[in-house]
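Please read the structure below before turning to the comments.
As the structure lists them, so they are numbered: ligands from 1, and atoms in each ligand from 1.
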Amino acid sequence: MMYFDHAATTPMRPEVLEKMTPYMLEQFGNPSSVHAFGRTGRAAIDTARRMMATELNAKPTEILFTSGGTESDNYAIIGAAMQYQSKGRHVITTRFEHHAVLHAFEELEKRGFDVTYLEIPESGIITEEALRAAVRPDTILVSIMFGNNEVGTVQPIAACGRFLREQQIIFHTDAVQVFAKSPIDVEAMQIDLLSASSHKINGPKGVGLLYIRSAVKLAPQSYGGEQERKRRAGTENVAGIVGFAEAVRLTATEREEQFEQYQLLRRTLLERLRSSTIEFEVNGTDGLPQVLNLYFPDVEIEPFLIMLDMRGIAVSSGSACTAGSVEPSHVLSAMYGENPRTKQSVRISFGRGNDLSQVELLAQGLIDVVKSFQNN
Ligand SMILES: *Cc1c(COP(=O)(O)O)cnc(C)c1O
């Protein structure tokens with residue numbers, strides 16, 4: 001099997017598992033306990049927290065460990081809106097966010113907030129001008145994703161951050177697809193809240209982080225113990241946090257060579273497809289080199305994915321298939337409106353372990369299967 005779905009999740013690295021194992025076996029203590037078992041767990045979390053802070057140019061106290069990208073997005077958005085609602089009840093996001101963000105904003109609408117959804121141009125990149133035009137005197141929160149998980153486009157985060165800081169509007173970004181793979185400096189980019197997840201960078205599932213700038217307060221969304229400076233109740237996932245930190249360390253160390261590798265794989269795949277007779281287009285402007293979204297006119301996505309799967313090729317479509325009918329991808333719909341490409345596109349996402357020989361097989365597989373639909 002060849003796996004090209006790393007934007008969905010990634011396999012855990014053996015080095016990561018090795019770091020985690022002691023914290024599930026001998027060092028199982030509750031980090032809130034005062035005895036030696038507890039102190040060992042606490043020290044491991046502290047070390048991981050310092051690592052994350054260094055990676056983001058943040059302070060360790062600004063890092064909150066969570067159960068993943070979804071919880072981080074939910075807590076940032078609902079927590080900030082509830083905390084600052086007396087200053088205004090207008091919030092802004094974009095139409096092509098991950099559902100962990102979009103559905104949190106839908107919840108805010110139910111709670112009486114006014115939500116503006118920024119339209120997405122075909123480039124897949126929003127403009128600072130569009131953001132400026134949407135801001136009102138009662139705007140309290142803006143959430144714009146860093147790198148899109150379906151098309152890989154990267155948003156002008158630093159420019160948005162500068163403008164929003166001037167306006168004293170809280171700025172959240174979902175950086176799940178970017179964190180550790182590319183450098184992020186929350187100070188320079190003037191980000192207030194940032195979400196990241198471990199399992200998208202070869203770490204364990206079920207752990208993530210939320211960066212919370214020290215000047216920002218979030219209304220609590222969980223009630224119980226006083227863990228994580230009273231921001232998140234519940235015993236910490238010590239082994240998961242340790243594994244996440246190791247995944248960040250390894251990913252950051254290797255990111256330059258991986259970046260070049262992904263660019264090479266992307267370029268090679270596109271060259272092979274272009275020198276064939278099949279018809280296709282790239283969705284969105286180039287951004288993250290590891291995410292490539294391709295539109296193949298006339299392809300029926302469900303049998304298409306199954307035919308690729310039978311050849312041992314795992315890719316994905318942003319469109320969900322429910323009970324035989326194909327729902328268009330909300331990301332492609334945001335970019336292209338009602339268009340056949342919202343149901344006839346696939347996402348190829350590269351990760352560690354993908355090499356040129358796999359990409360040659362992927363190219364051949366795509367060409368053969370697309371031809372069976374396009375008759376060319
Ligand atoms: C995967 C993903 C999430 C959700 O993260 P989980 O850790 O799976 O909850 C959120 N946002 C983006 C952009 C993602 O790719």
Side-chain angles (χ1 to χ4, degrees), residues 3-12 16 52 63-79 93-107 118 120 124-126 142-155 157 171-182 184 191 193-211 221-222 232 234 236-237 239-241 243-245 247-248 251 262 283-284 287-293 314-320 329-332 334-335 347-351:
Y3 186 76
F4 299 103
D5 200 12
H6 292 86
T9 195
T10 57
M12 207 162 78
V16 170
M52 303 303 189
I63 305 295
L64 170 76
F65 288 112
T66 66
S67 66
T70 300
E71 184 190 330
S72 297
D73 286 341
N74 278 219
Y75 187 24
I77 294 160
I78 309 281
T93 189
T94 78
R95 289 214 183 273
F96 79 158
E97 298 295 316
H98 190 274
H99 282 133
V101 168
L102 278 181
H103 292 166
F105 276 94
E106 283 168 21
E107 171 61 22
L118 299 179
I120 309 294
I125 302 174
I126 63 131
V142 172
S143 180
I144 297 172
M145 79 191 323
F146 208 125
N148 185 273
N149 51 303
E150 281 191 42
V151 291
T153 56
V154 176
Q155 306 307 311
I157 294 300
F171 181 33
H172 167 253
T173 186
D174 175 335
V176 170
Q177 292 292 338
V178 181
F179 179 64
K181 292 178 191 161
S182 308
I184 300 177
I191 295 163
L193 300 163
L194 176 144
S195 306
S197 176
S198 156
H199 75 98
K200 305 290 174 81
I201 54 167
N202 304 96
K205 291 175 178 58
V207 58
L209 68 79
L210 177 61
Y211 158 76
Q221 303 299 309
S222 65
R232 182 178 188 266
E236 300 87 339
N237 175 3
I241 290 167
F244 184 18
V248 170
T251 306
Y262 299 144
N283 291 319
L288 305 173
Q290 67 270 24
V291 181
L292 182 58
N293 199 301
V315 296
S316 81
S317 76
S319 37
S329 144
H330 77 281
V331 170
L332 296 177
M335 289 164 60
R347 175 184 70 187
I348 293 149
S349 47
F350 301 118

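Contacts of ligand 1 (protein heavy-atom distance under 4.0 Å) are Gly68, Gly69, Thr70, Asp73, His98, Met145, Asn149, Asp174, Val176, Gln177, Ser197, His199, Lys200.
A pairwise comparison of heavy atoms in Glu97 and Ser143 identifies OE2-O, 3.8 Å as the closest pair.
Remark: the backbone N or O of Val315 is not paired with any side-chain donor or acceptor of Asp5 at under 3.5 angstrom.
Summarising the geometry, atom OG belonging to Ser72 is positioned 8.5 Å from atom CZ belonging to Arg232; distances are rounded to the nearest 0.5 Å.
Below 30°, between 30° and 60°, or above 60°: for Tyr3 and His6 the angle between ring planes is above 60°, a perpendicular geometry. A perpendicular orientation is assigned to the rings of Phe350 and Phe4, their planes being inclined by more than 60° (bins at 30° and 60°).
Ser197 meets the side-chain hydrogen bond (donor to acceptor under 3.5 Å, both in side chains) test with no other residue; sequence neighbours excluded.
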